[in-house]
Amino acid sequence: MDEWFERSPFIGFVPWIIYWVVADGPSTWMFGAICAVISALILGVSAGRGGPRLLEIVTIVFFIAVTVVGMVVGAHDRDWMDGYATTLSSGVLAVMALGSLAFQPFTAQYAPESAPQQDWERAAFRRTNQVLTLMWALVFALIAVLGYVAVQSPETTDWTKAVIPVVVIVGAMGMTQIYPTRARDNARPA
């Protein structure tokens, strides 16, 4: 269980998943506050196990910002925040993932410490994490666009906020599990 916590980005996504499921009305900022508390707990545990990761830092900053903005602006002024909660949150994740490509792909922070042993494995390791991080950035960007479409065309909400995002996320999770092994096998010299 300890290794799963250390190596699974799923834990870092828990506040986002909760937010996507419940934040769709006039209490978005309150759900943001709940998610800020959850992300603070995850960040605290992670800090004691090797240090915080980019996803956890972005998570707590986002949910604190949602909470503060929600408390500062009035109920009428935060209608945009309530309506575009999925677009905003997914957009932030897409920017985080794309931005991490310039330094260290965020998925590399969840890889086993023992992953790259030789020079050819190091190159494959970096390339694998670049591909996975780009894939996740595109998934988050797609979900942000679908969230926007759902607000503009409410009759599409079942598909744009539930069916398509779930299918895309499940597919991306499968790719995240399968791709590293295949890439490592393809990178090995014959």
Side-chain angles (χ1 to χ4, degrees), residues 1-47 49 52-70 78 81-100 105-111 129 132-151 156-179:
M1 183 70 166
D2 285 345
E3 182 159 329
W4 184 81
F5 182 88
E6 274 300 298
R7 298 292 156 217
S8 175
F10 177 75
I11 296 296
F13 286 122
V14 166
W16 299 94
I17 293 167
I18 292 169
Y19 190 70
W20 290 332
V21 170
V22 298
D24 197 21
S27 299
T28 299
W29 71 274
M30 285 189 259
F31 293 120
I34 292 166
C35 291
V37 170
I38 293 168
S39 59
L41 293 171
I42 292 169
L43 183 64
V45 171
S46 180
R49 295 175 179 246
R53 291 174 275 230
L54 178 62
L55 175 60
E56 296 157 352
I57 293 167
V58 168
T59 301
I60 195 161
V61 168
F62 175 79
F63 287 117
I64 288 172
V66 165
T67 303
V68 169
V69 169
R78 68 176 175 251
M81 191 169 77
D82 297 335
Y84 293 99
T86 300
T87 301
L88 292 170
S89 59
S90 298
V92 165
L93 285 172
V95 169
M96 180 268 310
L98 283 174
S100 75
F106 90 95
T107 58
Q109 296 177 331
Y110 295 93
N129 282 289
L132 290 175
T133 297
L134 179 59
M135 176 200 62
W136 280 108
L138 294 173
V139 165
F140 298 138
L142 174 62
I143 293 171
V145 169
L146 291 170
Y148 180 81
V149 169
V151 172
T156 67
T157 301
D158 290 343
W159 285 96
T160 55
K161 285 190 113 177
V163 175
I164 297 171
V166 168
V167 168
V168 170
I169 288 172
V170 168
M173 289 172 67
M175 175 78 163
T176 301
Q177 294 298 314
I178 294 167
Y179 183 72

List for me each residue that meets side-chain contact (heavy atoms from CB on, under 4.5 Å) alongside [X], sequence neighbours excluded, and say none if there are none.
{"X": "Leu54", "value": "Val58, Met96, Ser100, Phe106, Gln109"}
{"X": "Val151", "value": "Tyr84"}
{"X": "Phe62", "value": "Trp16, Tyr19, Val66, Ser89, Val92"}
{"X": "Val145", "value": "Val149"}

For Tyr148, I'd like to know if atom OH has over 12 heavy atoms of other residues, nucleotides or ligands within 6.0 Å.
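No, because the 6.0 Å sphere around OH of Tyr148 holds 12 heavy atoms or fewer from other groups.
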Closest contact, heavy atoms only, Pro15 versus Ile38:
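Scanning both residues, the minimum pair turns out to be CG-CG2, 4.0 Å.
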Least distance between heavy atoms, Ser39 atom then Phe63 atom
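Heavy atoms of Ser39 and Phe63 come nearest at OG-CD1, 4.5 Å.
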Criterion side-chain contact (heavy atoms from CB on, under 4.5 Å) against Trp159, the qualifying member of Val167, Leu146, Ile164
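Single pass found, and it is Ile164.
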Between side-chain atoms of residues 132-144 and protein atoms elsewhere (two or more places apart, or another chain), which donor-acceptor pairs fall under 3.5 Å?
{"unit_1": "Thr133", "atom_1": "OG1", "unit_2": "Thr107", "atom_2": "N", "d": "3.4"}
{"unit_1": "Thr133", "atom_1": "OG1", "unit_2": "Thr107", "atom_2": "OG1", "d": "2.9"}
{"unit_1": "Thr133", "atom_1": "OG1", "unit_2": "Asn129", "atom_2": "O", "d": "2.8"}
{"unit_1": "Trp136", "atom_1": "NE1", "unit_2": "Thr176", "atom_2": "OG1", "d": "2.9"}

Qualifying residues under side chain to side chain donor-acceptor pair (under 3.5 Å), relative to Thr160, sequence neighbours excluded
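With sequence neighbours excluded, Thr160 shows a side chain to side chain donor-acceptor pair (under 3.5 Å) to Thr156, given in chain and number order.
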Could you state the interatomic distance from CG (Leu93) to CG (Leu88), rounded to the nearest 0.5 Å?
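Interatomic distance, Leu93 CG to Leu88 CG, rounded to 0.5 Å: 11.5 Å.
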